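Below is one structure, written out as structure tokens; comments come after it.
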Amino acid sequence: MTTPYSMEELVSLCKRRGFIFPASEIYGGINGFWDYGPLGTELKNNLRDAWWHDMVHCPPMGPDGEPLSIVGIDSSIIQNPKVWEASGHVGGFNDPMVDCRESKSRYRADHLLCLGVKGDTSGQIYAYIENDDDSLASAQKKLEKYVKRTLSSEEIDTCALTELSVEELAITVGPDTKTVGTLTEPRQFSLMFDTTVGATGGEENKAYLRPETAQGIFLNFMNVVDTMRVKVPFGIAQIGKAFRNEVTPRNFIFRSREFEQMELEWFCHEDEAQQWYAFWCDYRKKWWQQMGLTTGNLQMRQHDSDELAHYAKEGCGTFDIEYKFPFTDPGYGELEGVAHRGNYDLSRHTEFSGKKINYFDQQKNERYTPHVIEPSAGLSRGTLALLCEAYTPDDRPSKVFMKFNPRIAPIKAAIFPLVNKNGMPEIATKLHEEMRKQHVVQYDAKQSIGKRYARMDEAGTPYCFVIDGDTLEDNTITVRDRDTATQERINIDQAVAFLNDKLNQ
RNA sequence: GCGGGUGUAGCUCAAUUGGUAGAGCGUCAGCCUUCCAAGCUGAAUGUCGACGGUUCGAACCCGUUCACCCGCUCCA
């Protein structure tokens, strides 16, 4: 089944109803950046708060039935630049790229290898893609055609494309072309944002905006162990902005250059890591379902070994929780990655800083560097998934409504006087003032009741309380349900309890 | 980064072969209204994405640029 609506419709509603706007729009916008409007901010904050509550304040029970121990931190976006050398990001996020002018293809330079005849510096060189048998066969075929004979493996010289000189690159044939010299020189694509610390500037003061929040947690591992009386296994959580100079920002807020992450680093003994990995994969999928992603648009996917990140190679892999967005349909896009990072990060920081970063288990009398299971979720992407999931075309007057889970809906309820006279506004205003002490609610007395319902449908408000003529007689009001557009009548004194009850379901 | 497309009011879109911008919806005000964008009256809103050029005159033609969408590419 394909998505019954287009991304343009959703983007249009987000703009129209104040969820998301293009950043610096009056200046023509800026590629890869978006602003959250009033409703989008509420929505995102609700998702963020739900995560913090469910992961830090009230985490799930562990496999042994005991509550998990998780604490939160909020680390600086800018850290000592050595952090990113130790983490591998300075190396790993600086991929040299090569473009082919003829085939319009782009390759990672360090993923290209080259074939040539041994000892022959005047002939042609043929590039092929690493670990791609077809590409290798094609390159060898082209080389043999060029020298007009079959070559034995002893006669063929292989080297990395990055080792070629400018002259050699000029006589190189790209993987997907037959002419020489179509490949550009390898260019660095730095995925990390540079900035300068200090007013005087200068290269020696260069620093980076963090490309992930995780490192701030590893940096503070010993601080937390020394101050919080935590025992392994335990977790440290953090929510915050991260920055990446994506080559191609695309698909609304899905791949933006400034985004928010919700990351947990779960520290455990190596022997238990596999068990915790399975535990977190399972729990995190359930969590997303609880947030309202329940229609089968979620899937779990184990990474292939060749797509593992540099930090995950030591461990046992990465599981992606993916969502079927309208722009990925029928494919899926990553919402959260649950990675087994091994003890890569703590070990690297031990090595680069020279500081002791480990844990001593008094019971076992064992000192070790904990392994890490990392459920790393995208708050921005999660917000987008909630928007995509909620968007529900319908034949009602608004033609569409946002079917948010009440727990994460930006506005929980609206209070209307049926008509703006006869004492109804006074009662409605009083109810509104009572309700807003506990929940985000809106009062609206303007225009017809139908328009007010329609507005709330597009904002995704799950309940509308209406004070009508009967209220004056018997103290009852109607509650209109967003999803069914049906009403029930309750006593006005029970309205707050009614809403509390619905939001806690 | 490449190829294609789009850019006019908050949103969706018009504007005859170049003659200094309109509609619907929404928004706002008033009246009316006892339950689903109802009705009546009125109002506000655009440097036609930006810059430059051609022209007596450009939303329209040309160039550059920016943003968004689609397809490649990339994706910790």
Side-chain angles (χ1 to χ4, degrees), chain A residues 6-9 11-18 21-34 37 84 87-89 91-95 97-108 111 176 184 187 189 191-192 210-212 214-215 242-252 254-255 259 261 303 307-312 318 326-327 333-334 337 339 341 374 376 378 394-401 416-422 424 445-458 464 466-472 477-480 482 485-487 489:
Chain A
S6 72
M7 215 42 209
E8 278 96 336
E9 292 172 73
V11 172
S12 169
L13 181 135
C14 285
K15 174 85 188 291
R16 188 168 73 242
R17 286 294 162 195
F21 308 122
S24 35
E25 189 182 12
I26 61 170
Y27 290 103
I30 177 166
N31 191 309
F33 298 89
W34 300 87
W84 309 111
S87 71
H89 288 89
F93 267 27
N94 279 281
D95 302 327
M97 305 296 292
V98 168
D99 289 318
C100 177
R101 297 186 189 94
E102 176 139 326
S103 69
K104 307 297 182 194
S105 303
R106 169 177 287 174
Y107 315 94
R108 272 181 64 168
H111 285 184
D176 301 301
T184 63
R187 282 179 296 181
F189 281 73
L191 264 52
M192 275 199 293
R210 66 182 176 200
E212 64 173 18
Q215 294 305 322
F243 304 83
R244 289 178 199 169
N245 256 321
E246 296 290 352
V247 178
T248 313
R250 197 64 77 86
N251 292 327
F252 205 26
F254 181 78
R255 176 169 294 124
F259 58 100
Q261 294 183 306
H303 274 210
E307 61 176 323
L308 289 178
H310 59 273
Y311 54 73
T318 298
F327 49 82
E334 181 186 340
R341 294 180 81 128
E374 177 198 71
S376 170
D394 196 70
D395 56 6
R396 64 182 64 190
S398 62
K399 298 285 186 278
V400 61
F401 68 103
F416 307 149
L418 183 57
V419 292
N420 201 16
K421 61 181 183 184
N422 297 345
M424 295 179 206
K446 297 288 185 185
Q447 299 171 317
S448 71
I449 190 77
K451 287 193 182 190
R452 286 177 268 165
Y453 283 144
R455 274 196 287 264
M456 286 302 150
D457 280 345
E458 281 200 334
C464 294
V466 176
I467 282 71
D468 61 16
D470 291 352
T471 311
L472 306 165
I477 60 177
T478 62
V479 189
R480 183 258 197 188
R482 173 198 63 200
T486 56
Q487 295 177 15
R489 186 161 275 279

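Here is how names work: the chains are called A, B, and so on, in the same order as the sequence lines, proteins then strands, and each is numbered from 1. On a predicted model such as this, the values are computed, not experimentally measured, just so you know.
At the heavy-atom level, A:M7 lies nowhere under 4.0 Å from the strands shown. In this structure, A:D468 reaches the bases: a heavy-atom distance under 4.0 Å links it to at least one base atom across the strands shown. Residue A:G333 is out of contact with every strand shown, counting any heavy-atom pair closer than 4.0 Å.
Remark: A:R489 engages A:D468, A:D470 in a salt bridge (Lys or Arg N to Asp or Glu O under 4.0 Å) (not counting sequence neighbours).
Considering all non-hydrogen atoms of both residues, A:K15 and A:P22 come closest at CD-CD, 4.3 Å.
When the C1' atom of B:rG1 is taken as reference, atom CD of A:E246 falls 14 Å away, rounded to whole Å. To the nearest angstrom, C1' of B:rC74 lies 13 Å from CG of A:N245. Protein atom CG of A:L13 is 12 Å distant from nucleotide atom C1' of B:rG10, rounded to whole Å. The CZ-P distance, from A:R250 to B:rA67, rounds to 12 Å in whole Å. If you measure from atom CD1 of A:I26 to atom C1' of B:rC66, you get 15 Å, rounded to the nearest angstrom. What separates CD of A:E25 from C1' of B:rG10 is a distance of 10 Å, to the nearest Å. Rounded to whole Å, atom P of B:rC32 lies 14 Å from atom NZ of A:K446. For the pair A:N420 CG and B:rC32 P, the interatomic distance rounds to 11 Å; values are reported in whole Å.
Spacing between B:rC66 and B:rG52 at atom C1', rounded to whole Å, works out to 14 Å. Taking atom C1' on both nucleotides, B:rG5 is separated from B:rG49 by 16 Å, rounded to a whole Å. Separating the P atom of B:rG42 from that of B:rC25 is a span of 15 Å, rounded to the nearest Å. B:rC69 sits 43 Å from B:rU33 when the C1' atoms are compared, rounded to a whole Å. Nucleotides B:rC60 and B:rU20 place their P atoms 13 Å apart, quoted to the nearest Å. Comparing the C1' positions of B:rA9 and B:rG26 gives a spacing of 11 Å, expressed to the nearest Å. Distance check on atom P: B:rC51 versus B:rA15 gives 24 Å, rounded to whole Å. Annotation: B:rU47 and B:rG39 have their P atoms spaced 30 Å apart (nearest Å).
No side-chain heavy atom of A:F243 sits under 4.5 Å from any side-chain heavy atom of A:L191.
If you check B:rC36, B:rC74, B:rC11 against the side chain of A:A485, the one that comes closest is B:rC36. For A:K15, counting side-chain heavy atoms from C-beta on, the closest listed nucleotide (B:rC35, B:rG10, B:rU33) is B:rG10.
For A:T478 against B:rC35, a side-chain N or O and a base N or O form a donor-acceptor pair under 3.5 Å. Applying the 3.5 Å distance criterion, the base of B:rC66 shares no donor-acceptor pair with the side chain of A:Y27.
Salt-bridge check for A:R480 with A:D457: passed, with a basic side-chain N closer than 4.0 Å to an acidic carboxylate O.
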Steps toward side chain to side chain contact (heavy atoms under 4.5 Å, CB included) verdict (A:I449, A:F416): CA-CA 8 Å; A:I449 190 77; A:F416 307 149; 3.7 Å; yes
CA sep, side-chain torsions, deciding dist, call: A:W34, A:F21, side chain to side chain contact (heavy atoms under 4.5 Å, CB included): CA-CA 6 Å; A:W34 300 87; A:F21 308 122; over 6 Å; no
Contact letters for nucleotides 37-51 of chain B, in which S counts primed atoms plus P, OP1 and OP2 and B counts the base, heavy atoms under 4.0 Å: BB-------------
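Dashed line: the shortest gap from a side-chain N or O of A:T248 to OP1 or OP2 of B:rG1 is not under 4.0 Å. OP1 and OP2 of B:rU34 both lie 4.0 Å or more from every side-chain N or O belonging to A:N422.
Checked against A:T478 for a side chain to side chain contact (heavy atoms under 4.5 Å, CB included), the options A:T471, A:V466, A:I467 give a single hit: A:V466.
Paired regions of RNA chain B, where each region holds three or more successive Watson-Crick or G-U pairs whose two hydrogen-bonding distances fall under 3.5 Å, are B:1-7 with B:66-72, B:10-13 with B:22-25, B:27-31 with B:39-43, B:49-53 with B:61-65.
A:F401 carries A:R396 over the face of its six-membered ring, with the cationic atom under 6.0 Å from the centre and within 45° of the normal.
In this structure, A:H89 NE2 and A:E212 CD are separated by 3.5 Å, a value rounded to the nearest 0.5 Å. To the nearest 0.5 Å, the span separating CZ on A:R341 from OG on A:S376 amounts to 8.0 Å.
Residues A:E8 and A:G469 each lie close to RNA chain B; by heavy-atom proximity, the contact nearer the 5' end of the strand is made by A:G469.
A ring-centre distance under 6.0 Å is not found for A:F327 and A:F252.
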